[in-house]
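Below, chain A is the first sequence line, B the second, and so on; all start at residue 1. Because only heavy atoms are used, hydrogens play no part in the values below, and waters and symmetry mates are left out as well, while side chains stay in.
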Protein chains: 2
Amino acid sequence: MDEPPCLGERELGAWRALLSTAATLNRLIEQRLKDDAGLSHSQYEVLVRLADAPGGELRMTELAGAATTSKSGLTYQVAQLEKAGLVRRRACPEDVRGIIASLTDEGWAKVRATEPGHAALVRDLFVDGLSRDDFTALAGGLEALRDLLHTRSGDQAS
Amino acid sequence: MDEPPCLGERELGAWRALLSTAATLNRLIEQRLKDDAGLSHSQYEVLVRLADAPGGELRMTELAGAATTSKSGLTYQVAQLEKAGLVRRRACPEDVRGIIASLTDEGWAKVRATEPGHAALVRDLFVDGLSRDDFTALAGGLEALRDLLHTRSGDQAS
DNA sequence: TATGAATGGTTCGAGTTCGAACGACTGAGG
DNA sequence: CCTCAGTCGTTCGAACTCGAACCATTCATA
């Protein structure tokens, strides 16, 4: 009944499954994206976040907060995207420190062109592998975990 | 009834939750491991795989197959671990090409010293966040997905 | 035995990632 | 008006990652 000092079979298996699944999925997605659109996964994520935002623009901090990358990593990726002509950067009117990243026309076009193939692959690899019920359960668990971790991440302050 | 060309709310949410959860979890684990033991997450994974294997040794290929990293990445990490004195490499008696990586005494000690704290953190962040039933469902889904992807990954041959 | 395909592991170069340190700016409290 | 803590985004150096190219060796087949 008492908690063992280390993880049991069950927990360890689930943990490894999470790591392994995420890694493999990431690798396959990355490859497809590279072949189809010449984008890395993180670059594509940035583009999609922008496309989802009103007006296709977002401040760097908001972008970094939602993303899977660090502040400095975001700076790098946005610079790459700007070099590629997919994103433009401009000053934020309300705060001189702020920088707003916004999609160019070319950026919009790239997102529209890339999204269907990407979505199809995600569906193929991730969604269609499980029964409807299993998928629902998985989705629920993941979202609960994400929310939990999100609150946990912001708790460093005294 | 027909599948939409793009992912629905439901699927997209789950997909992002998976990416976000894995990334955050990885970051927190990495940090703890670095502070506690001076190891990166991938290094720790290599050590644990070895500790799980009979005799604390495994051939490079077997190690790479199970791990979340590529062949060349593994070479690099094992070299780091060897420099740190935690792992030794020796020739494989049955196949001159092969290399066997094995834990040193110091490697065993490191694993034993690090595991409890690591396990506690995984339990805290990953396992204890969900109810027993939710966790079981999540684990089942993840393991099914991993197996599916594993077969899918080996299908490149004609 | 010879030959060609496949495997095991390393090396190499380019790209990506992170955290720490930084300069610029804001906003609250005296 | 000052000052001082906190925020915004960038820069920097070091570490990590990957795929492709590469030898050495094995295995299958003739």
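At the phosphate of C:dG9, OP1 or OP2 sits under 4.0 Å from a side-chain N or O atom of B:R59. The phosphate of D:dA15 has neither OP1 nor OP2 within less than 4.0 Å of any side-chain N or O from B:Q77. In this model, the phosphate group of D:dC18 is approached by a side-chain N or O of B:T69 to a distance below 4.0 Å at OP1 or OP2. Neither OP1 nor OP2 of C:dG15 sits under 4.0 Å from any side-chain N or O of A:Q80. In this model, the phosphate group of C:dT16 is not approached by any side-chain N or O of A:S42 to a distance below 4.0 Å at OP1 or OP2.
Between A:T68 and A:E45, the side chains place a donor N or O and an acceptor N or O closer than 3.5 Å (distance only, hydrogens not considered).
A:I29 has its CD1 atom 17 Å from the C1' atom of D:dC18, to the nearest Å. When rounded to the nearest whole Å, the span between CG of A:L63 and C1' of D:dC8 equals 14 Å. Per the geometry, CZ belonging to B:R97 stands 12 Å off C1' belonging to C:dA5, to the nearest Å. We find that NE2 of B:H41 is positioned 11 Å from P of D:dT17, with the value rounded to whole Å. A straight line from CD of A:E94 to C1' of D:dC8 spans 14 Å, rounded to a whole angstrom. Regarding A:Y76, its OH atom lies at a distance of 9 Å from the C1' atom of C:dT17, rounded to whole Å. Per the geometry, CD belonging to A:E45 stands 15 Å off C1' belonging to C:dT16, to the nearest Å. In this structure, the CD atom of A:E30 is 10 Å from the C1' atom of D:dT17, given to the nearest Å.
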>> Pair B:D105, B:R112 - check salt bridge (Lys or Arg N to Asp or Glu O under 4.0 Å), show working.
In response: CA-CA 11 Å; B:D105 291 346; B:R112 273 196 302 268; over 6 Å; no
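In the set C:dT26, D:dC16, D:dC18, the nucleotide with an atom closest to the side chain of A:R27 is D:dC18.
In this structure, B:S40 and A:Q31 both approach DNA chain D, and ranking their closest nucleotides by distance from the 5' end singles out B:S40. Nearest-nucleotide positions on DNA chain C for A:K71 and B:M60 put B:M60 closer to the 5' end. Where A:V96 and A:L74 meet DNA chain C, the nucleotide closest to each residue was compared, and A:L74 sits on the side nearer the 5' end.
With hydrogens and angles left out, the side chain of B:S72 and the base of D:dG19 share a donor-acceptor pair within 3.5 Å.
Aromatic ring orientation, B:F126 versus B:F135: perpendicular (interplanar angle above 60°, classes split at 30° and 60°).
When the salt bridge (charged side-chain N to carboxylate O under 4.0 Å, His left out) test is applied to A:R97, the partners found at least two apart in sequence or on another chain are A:D95.
Using a cutoff of 4.0 Å between basic side-chain nitrogens and carboxylate oxygens, B:R90 and B:E57 are scored as salt-bridged.
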